Each structure stands twice: as C-alpha cells, then as structure tokens.
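Presented below is the structure to which this report refers.
Keep in mind it's a predicted model, so treat the numbers as computed, not measured. Numbered from 1 within each chain, the chains take letters A, B, ... in sequence-line order.
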Amino acid sequence: MSQQTAHASTAGHHPKYLAHHFESMAQQNAAGKLGMWLFLGQEVLFFSGLFLAYILARIFYPETFLAAHELLDWKLGALNTVFLLTSSLTMALAVRGAQVNSQKQMYWNIMATLILGGAFMVVKYFEYTHKFHDGLLPGKLFDAAKAMHNGVPANIPGAPAIFFAIYFVMTGTHGLHVLIGMGLMIWLLIRIKRGDFNSENHVYLENVGLYWHIVDLIWIFLFPLLYLVR
Amino acid sequence: MESNRKNVPQGAHAATAGGAEPNYINAHKGIWSWMTTVDHKRLGLMYLVGVLGFFAVGGIFALLVRTQLLGPIFKGASGKQEWLFSGETYNKLFTLHGAVMVFLVIIPSIPASLGNFFLPLMLGAKDVAFPKLNLMSFYVYILGGAFLLFSIFTGAVDTGWTFYTPYSSTTSTSVVSAVLGVFILGFSSILTGVNFIVTIHKMRAPGLTWVRLPLFVWAQYATSLIQVLATPVLAITLMLLAIERTIGVGIFDPKLGGDPVLFQHFFWFYSHPAVYIMILPAFGVISEIITINSRKQIFGYKAIAMSSVAIAVIGFLVWGHHMFTSGQSELAAAVFSFLTFAVAVPTAIKTFSWVATMYGGSLRMNSAMWYAQAFLFLFTIGGLTGLFLGTLSVDIHLHDTYFVVAHFHYVMMGGTMTAFVGALHHWWPKMTGRMLNEFWGKVSCFFVFAGFNIAFFSQFVLGTKGMPRRYANYLPEFQYLHQISTIGSYLLGLGFFITLCYMIQSLINGEKAPPNPWGGRSLEWETDSPPIEHNFHHQPVVTHGPYEFPEIDHSQAPRGGH
Amino acid sequence: MFEKLRSLAHKSASASHSGDHGNEPHVLPLKTYFVVFGSLLVLTILTVVVSVIGLPPTLSIVVAMAVAAAKATLVILWFMHLKFDDRFYSLIFIISLFFLVLFFVFTAMDVLTRGQVNPEESFFSQDGTLLRQEFMKKK
C-alpha cells in the first residue's frame with residue numbers, strides 16, 4: 001500500500017543528477033555501470049575477429065611472423081606498454097579520487113591519463129611513418145623492393161603482406177580506440193572543471209575508466225603477439 | 001489500495017483518469033518534439049514507421065524479383081519475348097531486397113519498435129534505462145538505412161546480402177556504401193541490446209520477479225544478449241571488407257596469403273545468431289498472443305523462458321552449417337550439423353508448449369490469434385525444413401537452391417513477419433487507442449497465409465528439382481512453378497496492402513479502445529490506451545504472474561502458480 | 001539455474017528499489033594501486049626478457065600469453081574493480097570471453113582438421129610441412 005505512493009513522495013526531493021525515470025542514485029549508477037560492462041563485452045567480441053585472423057595467419061605462416069616481426073621495434077612497443085600501463089594507473093587513481101571526493105585528484109589524474117594516451121599516439125605515429133617510408137605496408141601495398149632499397153631486410157618468406165595487414169589493422173583499430181578514449185578524457189576534464197562529479201555521482205568517470213582499461217588490456221595482448229614473436 | 005485496484009472493473013480506471021492527463025501522443029506538440037523525444041513510446045512508434053517504410057521498399061524489390069521470374073514473357077523493343085530485367089539489374093534487385101529486409105526490417109522489427117514501446121510498460125518502468133542512447137540508436141538506424149539505400153544511386157550492390165568475398169572485394173558495384181550502412185546499423189542494434197538488458201535488470205517494478213516477467217520480456221532479453229555479443233563480429237568483418245576494397249588489405253585475399261573462407265566464418269559467426277535475433281522476439285510475441293487468447297495459464301512458462309536463453313547460446317555454435325559446401329573440414333561440418341539438430345530441441349519445446357497452451361483453453365479467435373495460428377503452421381514447416389538443410393548429405397544436394405530460399409522465407413517471413421503483424425494487431429489498441437477492424441484483419445490474414453504458401457511452397461519443389469537461387473533466368477521446365485510462386489507473392493502483397501488500408505482507417509475513425517481489450521494481466525494493460533507520457537499514474541506493484549487470468553479455475557489446475 | 005537467477009534477481013531488485021546505498025564505493029588504499037602497477041611493470045619486463053632469451057617456439061608463446069593473461073587479470077580485478085563489484089559484471093565478462101573462445105576453437109577446428117577425407121584439401125602435407133607457406137614462398 002505504501003509502495004504505491006512511494007513514487008509520489010520521493011518526487012519532492014530529487015537529487016540534482018538523478019534522471020526522472022530512476023528511483024535513486026544507486027539504481028542510476030548501477031544501470032550505467034551494467035550498461036558499460038555490456039559494452040565492454042561487445043568490445044571483446046569486436047576485437048576477437050582480429051585476434052582470430054592473427055591466430056590463423058600465424059598458424060599458416062610461422063616463418064613469416066618470425067622474420068617479419070624483426071622489422072618492428074620492440075623497444076618502442078615496450079615503451080608504449082609502459083605508457084599505457086601508467087595511464088591505466090592514473091585512470092584508476094582518478095576514479096579513486098572521485099570516490100574520496102577530491103576534485104584535484106580527479107582532474108590531474110585524468111590529465112595525466114590524457115597526456116600518456118597522447119604519448120602513446122606520438123610513438124605510434126613515429127612507428128607508422130617509419131613503416132610508410134620503408135614501404136612496409138599492409139596487403140597489396142606492401143613493397144619489399146622499396147624496403148630493400150632503404151636498407152631494410154624485407155626478404156621475408158611466405159606472406160609478409162598478411163603480417164603487415166594484421167599489424168596495421170590491429171594496431172590501427174586499437175589506436176582508434178585510444179583516440180576515442182582521449183576524446184572522452186577531454187570531455188571528462190571539462191565536466192570535472194564544471195564540478196559535475198563527486199563521490200555520489202561519478203558513473204561517467206568510472207565508465208570512461210572501464211573503457212580505458214579495456215583498451216589497455218588489448219594492448220597487453222598485442223604487445224607480445226606482434227613485437228615479441230619467437 | 002492494492003487489493004482494491006485488482007477488483008476495479010476493466011476500463012473504469014481509465015475512465016476516471018484518462019480524461020485528465022494527456023497521453024504520450026498529445027503531451028507535446030510539433031515535429032520538433034518528436035525529433036528530439038526520449039520517450040520510449042514515441043521512439044517505438046518512430047521505429048515502427050521506419051520499419052514499415054523499409055518493409056514497403058523491400059517488398060517492392062521482392063515483387064520486382066518475382067515479376068522477373070514470371071519468365072521471358074515481356075515484349076521487348078525488338079518485338080521478341082524477353083525477360084523483364086537484365087542479369088545485372090536482377091542481381092542488384094535481389095541483393096537490395098535481402099539487405100533491406102534483413103538489416104532494416106526484420107532485425108529491428110519487433111525488438112526496436114514493439115520492444116521499445118512495450119518493454120518498459122511491461123516492466124512497470126517510466127522509460128528504458130538510457131533514453132538518450134535510445135534516441136541516438138534511432139538516428140543511427142536512420143543513418144545506416146540512408147547509407148544502405150544511398151548505394152542504390154551509386155551503382156547498387158550485386159553481391160547478395162551476404163557480401164561474400166572474393167566477389168564482394170572485386171565487383172565494381174558500390175559495396176563500400178552498403179557495407180558502411182550495415183556497419184552503422186550494427187551499432188544501432190548493439191546500443192538497443194545494451195539498453196534493453198540494463199532496463200530488464202534494473203528497472204523492474206516492485207514485485208516483478210524474473211518468473212513473473214511476461215515471456216515477451218524473456219525473449220527480448222535473449223535477443224539483446226545475442227545483439228550485444230554477435231553484432232560486433234559483423235562490424236569487424238565488414239570493416240575488414242571495406243578496407244579490403246579500399247586498400248587491398250589482403251586478409252580475405254588468397255593471392256596475398258589471406259583466406260576467403262575466413263570471411264564466411266566471420267560473417268556467419270554473426271549472421272547465424274542474427275537469425276535468432278530475428279526469430280526470438282517473434283517467439284515472445286506468440287507466447288503473449290496465444291496465452292492471452294486461450295484464457296489459460298501458459299503451459300511450461302519456465303521451459304519457454306529457458307529455451308529462449310538456450311537457443312541464444314546454442315545459436316552461437318551452429319554457424320558452420322552455412323558452410324557445408326565451402327571446403328570446411330569434415331569434422332567441423334559434422335559437429336556443426338549435430339549442434340544444428342540440438343537447436344531444434346528448445347525450439348520444439350516452445351512449439352509444443354504453445355499447442356499445449358491452446359489445448360483445453362477457451363480460445364478467442366481474434367485477428368491477432370489468426371496470425372498466431374498462421375505463425376505456428378508456417379514456422380513449423382520452416383523449422384522442420386531447416387533440419388533437412390542441417391543434415392550434411394542432404395544439404396550438399398539442396399545448398400544454394402530454392403529449397404534454402406523457401407526455408408528461410410518460411411522462418412523469417414512466415415515466422416517473424418507474421419508474428420510482427422500479429423503483434424501489431426494485438427497491441428494496436430494500446431499503441432494508438434483505436435481498435436482495428438476484426439473482419440478485415442481476418443481477410444488480410446487469409447490472403448497473407450494463402451499467398452505465402454502458394455509463393456513459397458512451390459519454391460520447395462523448385463529447389464528439390466535443382467533450381468539454383470539467385471539466377472536471373474531458368475530452364476523452361478521450371479517456368480510453371482515459378483509462375484505459381486509469383487502469383488502467390490502478389491496475393492501476399494495484396495494481404496499486406498489490405499492490412500495497411502484498415503490500419504489507416506483505424507487511425508482515422510477506428511472505434512475507441514478500452515485500456516485492456518483482451519483481458520491481459522501483464523502491466524502494459526494496466527495503463528491507459530494510449531498510455532500517458534510517464535506510462536503509469538502510480539508506480540505499479542506486481543502481485544501475480546503475467547498469465548493468471550481471473551477465469552482460470554484453480555480447483556482443477558494440476559499445477560498452480562508459475 | 002533458476003534458483004540462482006532468482007537470488008540474483010532478488011539482489012538486483014532490492015538494490016534497485018530499496019533506495020539506500022547498496023553499492024557504497026569500495027575505496028582501496030593507494031598502496032594497492034601502486035603494488036598492482038609495480039607487478040604489471042615487472043611482468044612486462046619478464047615477457048621482454050623471456051622473448052630475448054628465446055625459449056622454444058611453443059613454450060615461448062605459451063609463456064608470453066600466460067604473462068599477458070596475468071597482467072590482464074591484475075588490471076581487471078583491481079584497476080577495473082571487478083574483484084569488489086557486482087558479481088554480475090564478472091559474469092558478463094566471462095560470458096563474452098566464453099564466446100570469444102568458442103569463436104576461436106570452432107574456426108580452428110575447421111582449419112586444422114581439413115583434408116581428413118581428401119588429403120589434398122589439407123593445409124599440411126604428410127610430413128607436417130605447411131603447404132600454404134611453401135606455396136606463398138614459391139610465388
């Protein structure tokens with residue numbers, strides 16, 4: 001009996017960030033987070049196709065992978081790994097900052113995450129321009145003669161075009177996700193400046209964090225698969 | 001107060017409150033209020049208009065395809081008897097028919113339109129969990145549809161809706177635009193799926209436990225699960241195909257070391273589960289219509305609910321049955337064949353449960369129930385012929401013949417679209433506040449049912465005789481069967497045209513609908529017809545199962561409750 | 001299965017309508033984050049070192065993937081808070097991984113077992129040479 005009128009009585013004191021169709025902040029936050037986890041499940045399956053293509057290509061052409069990966073610079077890959085791992089740490093600390101209601105911790109940790117994401121993309125940019133210059137391109141654009149001319153030992157057995165196709169598609173799709181993540185960071189910074197987030201309302205921050213960690217997670221697998229083939 | 005409400009005679013509730021509060025249609029005025037609405041009911045209606053519009057487009061393509069197949073009977077410029085279209089045009093027509101019907105009509109038909117409208121109502125919620133995301137999915141859907149149809153003006157597509165490589169990466173038609181359209185539509189589908197799962201988990205009214213959910217909600221839940229988990233694989237597949245066409249990335253190109261069969265694995269890992277995205281909501285609809293019109297507790301509630309989830313899971317494991325002739329390994333083919341048979345079990349559980357629900361019930365044969373009966377008949381044929389195709393050796397003979405075409409039309413058209421139109425009849429009073437004309441409803445159902453069987457049963461025969469699909473012409477001995485099929489397709493078109501006419505008539509001067517014309521027990525019937533903007537006058541509290549009709553005699557029920 | 005669902009449903013229903021803060025944020029001490037981060041760096045170094053030393057090919061990929069999986073687990077459990085959050089999120093994640101594995105296993109099942117009836121369909125010759133690689137080399 002009392003339950004039926006519950007709606008009418010709570011309508012009076014609505015928390016500022018509570019949308020009209022939710023009963024409580026707890027329900028709203030839980031819904032937001034559940035939605036994000038479902039989206040992450042979707043992301044896992046999205047990348048699954050690329051990993052499957054990798055697995056099959058590596059089964060078909062083990063020698064190609066062994067030889068071609070030498071043309072990637074594992075030191076740059078390792079540097080990028082450290083960048084992303086650190087950015088994951090700062091992201092987690094930003095969420096913790098929100099939990100303890102520290103605007104400063106939120107702001108500067110998100111800023112650090114943004115900068116580290118940017119550093120990752122800069123390294124990626126140098127790697128890509130290098131490959132472009134040497135003609136180490138995906139598929140039919142792969143140009144062994146140009147690479148040899150530039151002094152790169154590109155006489156790779158099997159199907160080097162496929163190795164570079166997979167390298168570019170995987171890191172490209174991942175890089176796109178990093179860029180999207182950086183866009184989200186900028187949006188977060190604006191909203192933090194506006195004072196939108198606090199210990200009660202930070203599900204957006206948390207969700208961007210979850211997204212950023214999954215991007216990191218994919219790189220954790222890409223790094224040994226592409227740069228450290230043995 | 002609660003027990004009080006239960007005893008209120010149907011209609012009295014709305015009679016007192018309906019006049020006071022504006023409904024969702026007239027709560028806000030102007031086109032802009034529709035364009036920017038986040039109301040799930042308005043969005044459901046907008047999806048419905050979109051889906052029906054695309055259905056008309058896809059239907060016209062279908063009729064053109066069938067007209068071509070009447071044979072070389074059209075007088076050409078030279079005065080000779082000729083085929084209506086050239087082979088190239090025909091290829092584009094059937095591709096567009098398939099792509100429009102699959103991606104723009106069937107996949108969003110029940111989930112996006114009726115699901116959007118009724119899911120929150122059935123849950124006793126004020127809206128879906130993410131209303132703005134819902135609006136965005138709608139625009140993404142329209143954008144995807146625009147891309148797909150835009151390809152018509154830039155050379156159309158002639159690959160078939162499956163976009164198989166290597167043909168799709170070499171043909172000169174506008175594959176990229178079409179593929180991009182489907183890619184975008186996938187996002188709409190994923191976002192809707194996420195939205196629905198969260199809504200079902202987090203937005204249920206007090207007392208609405210999982211076993212009190214209407215079966216339509218269970219079906220939507222299973223559907224959304226597949227949408228979220230399978231659609232991303234389609235996205236990555238189509239992305240690779242687009243890159244393949246633009247820069248020749250080579251992952252599907254054997255010349256560079258890639259593998260075209262890999263495309264088929266990728267594609268069907270999505271597209272087979274997608275078949276269940278298309279049919280599961282129809283199962284939900286049929287569970288509702290049959291139970292409500294049998295005035296009886298549904299037979300096997302848990303079995304039907306769980307079989308939806310089982311179909312969703314096993315449905316992921318059978319994609320290889322589309323590839324029996326692609327050079328796939330014998331072991332894989334045998335395993336896929338076995339698992340295909342396994343899907344038949346939960347599907348049969350549902351069918352038997354529906355029949356058992358009707359057994360001994362006091363059947364009310366309204367037009368929605370007519371459509372539900374048509375569904376049972378057509379879907380059973382479609383499902384059983386699916387088993388023929390899942391049998392390895394038989395499939396080698398029937399693969400890519402009209403038998404396959406007839407099979408999936410029996411399931412998709414005879415199953416999903418029949419259920420969709422049935423659901424429109426069932427929920428039309430709730431959505432629009434108007435009743436449909438029952439007499440013309442039955443007439444249209446008759447034409448749809450008869451026309452459908454004439455159109456597609458003849459194709460089973462054609463298929464077993466060896467008529468391959470996707471051919472623009474054929475040997476003379478196939479002509480009479482093709483002509484029968486075409487006549488059937490015209491009757492089918494006529495049936496849907498009649499439906500359209502009396503739906504428009506109902507909107508103009510249809511009889512006013514009471515809140516609960518069919519005596520339903522789930523929550524959507526507890527609000528006005530059409531519902532008010534925020535769905536319910538009071539937060540509903542659920543104290544009973546969705547199918548506990550007052551006329552059920554509990555003294556004789558062998559197993560009461562749910 | 002149904003009982004489990006019911007208890008899950010009960011939990012989420014009570015979380016959504018009880019009105020009180022059922023999911024008060026679980027604040028971890030700062031030290032935890034830095035320990036996790038340190039472990040991630042150590043594992044990164046480990047995977048590089050293993051690669052440079054050069055184990056036999058099969059063992060090498062197994063170790064590399066095991067290390068990556070360990071790193072992923074650390075990120076998921078602590079940085080993404082899965083260890084402390086609603087169990088249902090874990091279930092979603094596990095389901096998505098389950099379907100990922102199915103996708104891999106079934107496709108690999110096809111590719112690796114071709115040619116059992118007609119040996120010319122196989123990717124491997126009798127002595128185990130990779131026909132595809134040999135073919136591409138000749139071109």
Side-chain angles (χ1 to χ4, degrees), chain A residues 1-11 19-23 26-54 56-57 60-61 64 137-142 158-166 168-169 172-173 176, chain B residues 1-3 5 38 40 120 125-133 190-191 193-195 197-199 201-203 206-207 224-225 227-237 239-240 243-244 247-253 255-259 262 265-266 269-270 534-536 538-541:
Chain A
M1 195 194 247
S2 59
Q3 274 166 310
Q4 272 194 46
T5 50
H7 160 61
S9 64
T10 49
H20 82 278
H21 58 293
F22 287 114
E23 295 279 332
Q27 187 193 16
Q28 177 169 323
N29 289 340
K33 230 161 145 188
L34 177 59
M36 194 64 207
W37 273 103
L38 286 164
F39 187 79
L40 295 189
Q42 180 274 137
E43 284 289 319
V44 169
L45 269 298
F46 181 77
F47 276 94
S48 71
L50 296 176
F51 279 97
L52 181 57
Y54 175 94
L56 293 182
F60 289 149
Y61 314 109
T64 310
L137 289 169
K140 69 177 183 203
L141 301 176
F142 178 77
I162 287 297
F163 178 84
F164 284 100
I166 282 172
F168 274 102
V169 173
T173 315
L176 193 66
Chain B
M1 198 164 162
E2 198 176 294
S3 56
R5 203 162 51 103
V38 290
H40 68 98
K126 281 182 222 137
D127 208 322
V128 291
F130 311 117
K132 283 182 203 152
L133 196 70
I190 293 171
L191 296 179
V194 167
N195 218 336
I197 294 180
V198 177
T199 308
H201 267 278
K202 299 291 178 195
M203 311 288 284
S224 304
L225 208 65
Q227 282 180 314
V228 171
L229 291 173
T231 318
V233 178
L234 176 74
I236 196 73
T237 312
M239 197 186 90
L240 285 174
I243 304 176
E244 177 81 52
I247 64 165
V249 78
I251 289 175
F252 302 134
D253 183 358
K255 212 165 57 201
L256 294 168
D259 185 0
L262 190 60
H265 274 298
F266 274 39
F269 183 81
Y270 162 75
H534 293 300
N535 292 354
F536 298 97
H538 305 282
Q539 170 71 57
V541 178

Which atoms of [X] are under 4.5 Å from chain A, going by heavy atoms: the side chain, the backbone, both sets, or neither?
| X | answer |
| --- | --- |
| B:Asp259 | side chain |
| B:Leu225 | neither |
| B:Ile247 | both |

Assess whether side-chain contact (heavy atoms from CB on, under 4.5 Å) is satisfied between B:His265 and A:Leu52, documenting all intermediate values. CA-CA 10 Å; B:His265 274 298; A:Leu52 181 57; 5.6 Å; no
So what's closer than 4.5 Å to chain B heavy atoms on [X]: side chain, backbone, both or neither?
| X | result |
| --- | --- |
| A:Thr173 | side chain |
| A:Ala57 | neither |
| A:Leu34 | both |
| A:Tyr61 | side chain |
| A:Phe60 | side chain |

Flag the one option from B:Pro120, B:Ala235, B:Gly258, B:Pro232 with the top tally of heavy-atom pairs under 4.5 Å to chain A. B:Pro232
Which atoms form the tightest heavy-atom contact between [X] and [Y], and what is the distance?
| X | Y | value |
| --- | --- | --- |
| A:Ala159 | B:Gly257 | CB-CA, 4.2 Å |
| A:Pro138 | B:Val249 | CB-CG2, 3.9 Å |
| B:Ile251 | A:Ala53 | CG2-CB, 4.2 Å |

Kindly indicate, with the supporting measurements, whether the criterion side-chain contact (heavy atoms from CB on, under 4.5 Å) is fulfilled by B:Met203 and A:Phe22. CA-CA 8 Å; B:Met203 311 288 284; A:Phe22 287 114; 3.3 Å; yes
Starting at [atom1] of [X], measure out to [atom2] of [Y] and round the result to the nearest 0.5 Å.
| X | Y | atom1 | atom2 | value |
| --- | --- | --- | --- | --- |
| A:Glu23 | B:Gln539 | CD | CD | 5.0 Å |
| A:Ile162 | B:Leu256 | CD1 | CG | 6.0 Å |
| B:Leu229 | A:Leu38 | CG | CG | 8.0 Å |
| A:Trp37 | B:Ile197 | CH2 | CD1 | 15.0 Å |

Looking at B:His201 and A:Ala31, would you say the former's side chain and the latter's main chain have a donor-acceptor pair under 3.5 Å? no
Is the backbone of B:Val128 close enough, under 3.5 Å, to the side chain of A:His21 for a donor and an acceptor to pair up by distance? yes
Check whether any side-chain heavy atom of A:Gln42 lies under 4.5 Å from a side-chain heavy atom of B:Thr231, and answer yes or no.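 A:Gln42 does not reach B:Thr231 side chain to side chain.
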Minimum side-chain heavy-atom gap B:Tyr270-A:Leu45 below 4.5 Å: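 They are not in contact (no side-chain heavy atoms under 4.5 Å apart), so the answer is no.
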